[in-house]
Structure formats: C-alpha cells, structure tokens
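In what follows, a structure is listed as structure tokens, so that the remarks can point back to it.
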Amino acid sequence: MAGKVVLHYFNGRGKMESIRWLLTVAEVEFDEVHLTTRDQYKKLLSDGDLMFQQVPMVEIDGMKLIQTKAILNYIAEKYNLHGKDIKDRVMINMYSEGLVDLMEMIMILPFTPDPKPKLDNIQAKATERYLPVFEKVLSGQIYLVGGKLSVADVLLLECTLMLEEKFTGILGDFRNVKAFQGRMTEIPAVNRFLKPGSKRKPQPDDQYVKTVMEVFDIKSLP
C-alpha cells in the first residue's frame, strides 16, 4: 500500500500551493518536508530525486514527481478532476494554464525590488485578459467544464483569492466569477482549508524570500 503523499518545498506558497489546493479538494492527506537549508536541496540533488534539479517535488504512489503541471495533471486524473473525455481535458488544460500564467506573475512579486509596475501590469491583465474569459464561461453554469468540478475550478478559486489579496474589489465587475468563488468556498474541504490552522500558506514574507535565496544560492534580487 502506498504511503501518505509527501510534499518537498519551502514553507510557503510558490508553485506548491496549487498542489496543496488540489490535494485538499480531492481530500487527500499529505505531509510536508520544508526546505530550509542549501544542504537539504543538495542532498535531494545527489540522491537523484529532482529530475531537472527543481522543486516542487511530490512523493505519491511510489513515485517522485516534479514539474508542477505534470503533478497537477496526475492528481486530477487520479481523483477524477480532469473531465470526462479528451475534449473536456483540453478545455480544462487551457483554462488551467492561463490561470497558472497569471498566478506566476503574482508569485514573483516578493522577489522584485520595485513591484509597483508589475502590480499595475497584473491588475490590467487580470481585468482585461483573464477574468473576462471566466466571467463569460460561468454565465449560467456552476463549473467551468462539463458541469462538474475540475482542477481548473480549483485553480480559478486560488487565483481569485490571490488577486483579492493584492487588489481589493477586483471582482466587483465580475459577478459570475465572484458567485463562483462563493460556491467553491462552501465545499467542506475548501472551507476547512481557508480557516486558520490549515496547511494553506500565508502570503510570502521576507523570511520566505530569504530562505529561497539561501537554498538556491541566489546572491541578490534582479
């Protein structure tokens, strides 16, 4: 029998947070090993656990998986969160990759000496390029694809919450997206994840940035 899922990453959001979200919605328990030193990272490398010398790394079903999209796809397939057929899956993947693109813009902000121009760019792209897509598709339907919960819905919830942390009221003109967010937060597993004491990580702080830079031996911010 396969053991509990184990996540290897920093004690922060980054690219692992979407994986935490998806496992939570799938109601899969997981443990975490937090990277805090460069020696830990070097040991993962020397043990051959990081195919492309990258984290996140997830131990699941006797495998050590890397590459965030591959991990998300595996979990989604395993727990029936990836649509009923190939046409559903390609739509789910398109929505998911767009959301990941937007969230990655937010993820790099703590590593940016002057985040103001990037914040302005993110807000513009969110309101002009990304949110209108989801506002339209959620007109008259509960979920994004095929009438059932998928990884794309989980990522959209995560993304909207991240956007609201940075831009209060950003969903004001996107009533369908806001209503969707409200429905998603009523899912019991999601509701628990949003409460204090869960494995959801807070917004990155200076200590998170310091740890990442030390582990990867980054001398200065760009």
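Note that the numbering runs from 1 along the sequence shown for the chain.
The main-chain N or O of Lys136 is never found under 3.5 Å from a side-chain atom of Ser139 such that the two would form a donor-acceptor pair. Not a single donor-acceptor pair under 3.5 Å links the side chain of Glu104 to the backbone N or O of Met107. Here the side chain of Asn176 pairs a donor or acceptor atom with the backbone of Glu135 at under 3.5 angstrom. Counting only distance, with no hydrogens or angles, the side chain of Arg200 and the backbone of Phe193 share no donor-acceptor pair below 3.5 Å. Remark: the backbone N or O of Asp114 is not paired with any side-chain donor or acceptor of Thr112 at under 3.5 angstrom. Under a 3.5 Å cut-off, the side chain of Arg183 and the backbone N or O of Ile142 do form a donor-acceptor pair. Side-chain N or O atoms of Gln40 include one that pairs as donor or acceptor with a backbone N or O of His34 at under 3.5 Å. Without hydrogens or angle criteria, Tyr95 side chain to Leu156 main chain gives no donor-acceptor distance under 3.5 Å.
Side-chain contact check for Asp173 versus Leu131: every heavy-atom pair is 4.5 Å or farther apart. Taking the side chain as every heavy atom from C-beta outward, His8 and Val58 never approach each other to under 4.5 Å. A 4.5 Å side-chain heavy-atom check between Lys201 and Met16 finds every atom pair outside the cut-off. In this structure, the side chains of Tyr79 and Val25 stay at 4.5 Å or more apart for every pair of heavy atoms.
With ring centers used as reference points, Phe134 lies 6.0 Å or more from Phe174.
Separation of atoms CG (Asn11) and OG1 (Thr36) is listed at 9.5 Å; rounding is to 0.5 Å. Taking CE of Met105 as the reference point, atom CE of Met162 lies at 11.0 Å (rounded to 0.5 Å). Atom OG of Ser96 is separated from atom CE of Met94 by 10.5 Å, given to the nearest 0.5 angstrom. Going from atom CG of Leu35 over to atom CG of Leu7 covers 11.5 Å, rounded to the nearest 0.5 Å. In this structure, the separation between CG on Asp39 and CG on Leu44 is 11.0 Å, given to the nearest 0.5 Å.
When all heavy atoms of Glu97 and Lys69 are compared, the pair lying nearest together is OE1-NZ, 3.4 Å. Annotation for Tyr9 and Arg13: closest pair CE2-O, 3.3 Å, computed over non-hydrogen atoms. For Leu102 against Cys159, the heavy-atom pair with the smallest separation is CD2-SG, 3.6 Å. In terms of heavy atoms, Pro56 sits closest to Ile71 at O-CD1, 4.2 Å. Of all heavy-atom pairs spanning Val5 and Val28, the tightest one is CG2-CG1, 3.9 Å.
Atom CZ of Arg38 sits in a crowded spot, with more than 12 heavy atoms from other residues, nucleotides or ligands closer than 6.0 Å. Counting non-hydrogen atoms of other residues, nucleotides and ligands closer than 6.0 Å to CG of Asn121 gives a total above 12. Heavy-atom neighbours of Asp120 CG from other residues, nucleotides or ligands within 6.0 Å: above the threshold of 12. The number of heavy-atom neighbours closer than 6.0 Å to CD of Gln54, taken from other residues, nucleotides and ligands shown, is above 12.
A salt bridge links Lys43 with Asp47: the closest approach of a Lys/Arg side-chain nitrogen to an acidic carboxylate oxygen falls below 4.0 angstrom. Ionic pairing of Glu32 and Arg20 is present here: one or more N-O contacts between side-chain nitrogen and carboxylate oxygen are shorter than 4.0 angstrom.
Each of Ile187, Leu194, Val190 was scored for a side chain to side chain contact (heavy atoms under 4.5 Å, CB included) with Leu157, with one residue passing: Val190. Between Met57 and the choices Gln67, Lys64, Met51, the side chain to side chain contact (heavy atoms under 4.5 Å, CB included) rule is met once, by Lys64. Between Val177 and the options Val137, Leu171, Ile170, a side chain to side chain contact (heavy atoms under 4.5 Å, CB included) holds for only Leu171.
Side-chain atoms of Lys166 and Gln203 form a donor-acceptor pair, as typed in the model, at a separation below 3.5 Å. A donor and an acceptor atom, one from each side chain of His82 and Asn93, are located under 3.5 Å apart. Using a 3.5 Å distance cut-off with no hydrogens or angles, the side chains of Gln181 and Lys178 do pair a donor with an acceptor. Between the side chains of Thr168 and Glu164, not a single donor N or O lies within less than 3.5 Å of an accepting N or O. Tyr74 and Asp61 share a side-chain donor-acceptor pair at under 3.5 Å. Side-chain N/O atoms of Glu158 and Ser18 include a donor and acceptor closer than 3.5 Å.
Using a 4.5 Å cut-off between side-chain heavy atoms of Ile, Leu, Val, Met, Phe, Trp and Tyr, with links allowed through other members, Met63 and Val33 fall into different hydrophobic clusters.
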side-chain contact (heavy atoms from CB on, under 4.5 Å) between Lys15 and Val100, worked out: CA-CA 9 Å; Lys15 292 189 174 185; Val100 167; over 6 Å; no
Glu17 vs Lys199, salt bridge (charged side-chain N to carboxylate O under 4.0 Å, His left out): CA-CA, chis, key distance, verdict: CA-CA 9 Å; Glu17 193 72 352; Lys199 291 183 177 179; over 6 Å; no
Worked verdict on Arg89 versus Glu77 for salt bridge (charged side-chain N to carboxylate O under 4.0 Å, His left out): CA-CA 10 Å; Arg89 282 194 291 279; Glu77 289 282 354; 3.7 Å; yes
Step-by-step side-chain hydrogen bond (donor to acceptor under 3.5 Å, both in side chains) determination, Thr211 to Gln207: CA-CA 6 Å; Thr211 302; Gln207 181 58 49; 3.2 Å; yes
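Under a cutoff of 6.0 Å and an axis angle of 45°, Lys4 and Phe30 do not form a cation-pi pair.
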